[in-house]
Protein chains: 2
Amino acid sequence: MHKVYVTMKMRRRQGNPFNFNDYPDTSMDTPLSPNMEDYMENISMLLKEHDVVRVKDIAKKLNIRMPSVTAALQKLKEKGLVDYEKYGHVQLTTKGKEVADSIYEKHSFLTEFFKEILSMNTQEAEEQACKLEHHLSSNASNRMQRFVEFYKQEQLDGQQWINRLDSVLEEKRLSELKEGQKAEIIRILGSGPLKKRLLEMGFRKGEIIHVLKYAPLKDPIEISIKDFLLSIRVEEAHSIIVKPLGSHD
Amino acid sequence: MHKVYVTMKMRRRQGNPFNFNDYPDTSMDTPLSPNMEDYMENISMLLKEHDVVRVKDIAKKLNIRMPSVTAALQKLKEKGLVDYEKYGHVQLTTKGKEVADSIYEKHSFLTEFFKEILSMNTQEAEEQACKLEHHLSSNASNRMQRFVEFYKQEQLDGQQWINRLDSVLEEKRLSELKEGQKAEIIRILGSGPLKKRLLEMGFRKGEIIHVLKYAPLKDPIEISIKDFLLSIRVEEAHSIIVKPLGSHD
DNA sequence: TAATAAAATTAGTCAAGTCTAATTTATTTC
DNA sequence: GAAATAAATTAGACTTGACTAATTTTATTA
Ligand SMILES: [Mn+2]
Ligand SMILES: [Mn+2]
Ligand SMILES: [Mn+2]
Ligand SMILES: [Mn+2]
């Protein structure tokens, strides 16, 4: 929800007014903002790779300029999360490590969620995780983490629903296909005259279609089914659910 | 990740920070911030309840003061999302309705995710949804939504994994129980001497325990198993997974 | 070791989004 | 219809977290 000042003159707001997470223990301190959390997380990552972390490294990792890092480090030092002296190297305090680890834990299971369960590619899974990690309550975190563990166990156990899910996630709307792609028709949404018309045109469950020409925003889409050439409007293509053949991400 | 300015003097940053297609300038305006998205979402909600929405209503709903709302409305008008004249009532434009609906759609399936799948209570599910909704990419959105739909179908089909998941989500660590609660021991984490010791104390899968005394942060926890009274340190209790009996939330 | 280069900091700016206090406009009440 | 009240806006301030430009400190090199 909306940002709230955390200053001398704290405004009254019911509940936990912050967008931010509550951490184990350190409940007395004001919570970190998403940006500050990312500083912590990334400093921790850099420390795992090199035993000396410089302002420049952090700036590069977060794709920001050095003065922004300097300012952030001063704040984090103030909060007792980093050891840092001007012109010196950066280290995490014990408390800082705990914070960083707790963020990274969320990053990890969220990444697994998007990657393993929702079958997203690594990069997008990581990006989503790194955005969401700052907004999960500790209860939601726990449950999410359990769910990911549960999924992995079910996968090991060879449970069939995993395959059913994968199958559903592969489905797209015909209108989402790119030029040249082939796909199998899974089902046709809606009902009434539109559906009837599509069926009459030859769009039936199980048929294989081939997208010949599709310029985004430019109706119509030209496709072939078997040996027939067909034109279909984007809006109509929107209600045809297909499963792309071959190709991965 | 870190904020990027989108102003007259756009900073140079490698890559395209937004998920926009670099098409011939579709005059794609800058994306809304989470806060602005919440304005849109809440204005839309208010419009569903009353046909006139006033600055005061929005301020109340978002728990902020009126001048903040006035400022926001001016920006949203600028972006062509709301119809609004000074001292007048607020309406959404066609474009504004689309934006609001798209946010609300995310809000909805995320709420379902937390509520139905992760078994969280309504309020916390809503809160989490309303935070995360602003940070989901459209791909992640689609997949998430499909997953929720999939889950609901599996539930209708009476698939057993749903029950297994519910069961796992009910589990807690012994250290999370409150005074007076009873629970069944599900399993004991870890291995080696600690686990052995716990087993010897009588902590075995299937046993019912009763928490007699537990002051948070104050070791030890006093519990009973069958007719035995036991004291256990919080750290040890942490590795005992139990399922609370009775009680909800 | 002195000169140069690189890294880091300081100083000052800016936009977003909030706030309070003062003022203006609209609505209700007598 | 004037006075009182409620709603809304304006003006001005503040925090966060970016930025650039200028300066200072540290490291490298000849
Ligand atoms: Mn992050
Ligand atoms: Mn992260
Ligand atoms: Mn929201
Ligand atoms: Mn919402």
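Keep in mind the model is a prediction, meaning the values are calculated, not measured. Sequence lines set the chain letters: A, B, ... in the order given, protein chains first and strands last, and positions in each chain run from 1.
The distance between atom CG of B:Asp38 and atom P of C:dT18, rounded to the nearest whole Å, is 9 Å. Regarding A:Leu62, its CG atom lies at a distance of 10 Å from the P atom of D:dC19, rounded to whole Å. Rounded to whole angstrom, the span from the CD1 atom of A:Ile58 across to the P atom of C:dA7 amounts to 14 Å. Distance, B:Ile64 CD1 to C:dC19 C1': 11 Å, rounded to whole Å. Rounded to whole Å, atom P of C:dA15 lies 19 Å from atom CG of B:Leu32. Nucleotide C:dC19 holds its C1' atom 9 Å from the CZ atom of B:Arg65, rounded to whole Å.
For B:Asn35 and C:dT18, the shortest distance from a side-chain N or O to OP1 or OP2 is below 4.0 Å. OP1 and OP2 of C:dA16 both lie 4.0 Å or more from every side-chain N or O belonging to B:Tyr39. Proximity of B:Ser68 to the phosphate of C:dC19: a side-chain N or O atom is located under 4.0 Å from OP1 or OP2.
A cation-pi arrangement is absent between A:Lys75 and A:Tyr39, since the terminal nitrogen or guanidinium carbon is not both under 6.0 Å from the aromatic centre and inside a 45° cone about the axis.
Contact between A:Ala100 and A:Met40 at its shortest, heavy atoms only, is CB-O, 3.7 Å. Taking both residues in full, the closest heavy atoms of A:Gly80 and A:Thr93 are given as O-OG1, 2.8 Å, listed atom of the first, atom of the second, then distance. For the residue pair A:Leu169 and A:Leu118, the shortest heavy atom distance occurs at CD1-CA, 3.7 Å. Between B:Asn42 and B:Asp38 the shortest heavy-atom distance is ND2-O, 2.7 Å.
Partners of A:Gln155 according to the side chain to side chain donor-acceptor pair (under 3.5 Å) rule, which considers only residues two or more places apart in sequence or in another chain, do not exist here.
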Could you write out each protein N or O paired with an N or O of nucleotides 5-9 of chain D at a distance under 3.5 Å?
| unit_1 | atom_1 | unit_2 | atom_2 | d |
| --- | --- | --- | --- | --- |
| D:dA7 | OP1 | B:Lys56 | NZ | 2.9 |
| D:dA8 | OP1 | B:Val55 | N | 3.4 |
| D:dA8 | OP2 | B:Lys56 | N | 2.8 |
| D:dT9 | OP1 | B:Tyr84 | OH | 2.1 |
| D:dT9 | OP1 | B:Tyr87 | N | 3.2 |
| D:dT9 | OP2 | B:Thr70 | OG1 | 2.5 |
| D:dT9 | OP2 | B:Tyr84 | OH | 3.2 |
| D:dT9 | O4' | B:Tyr87 | OH | 3.3 |

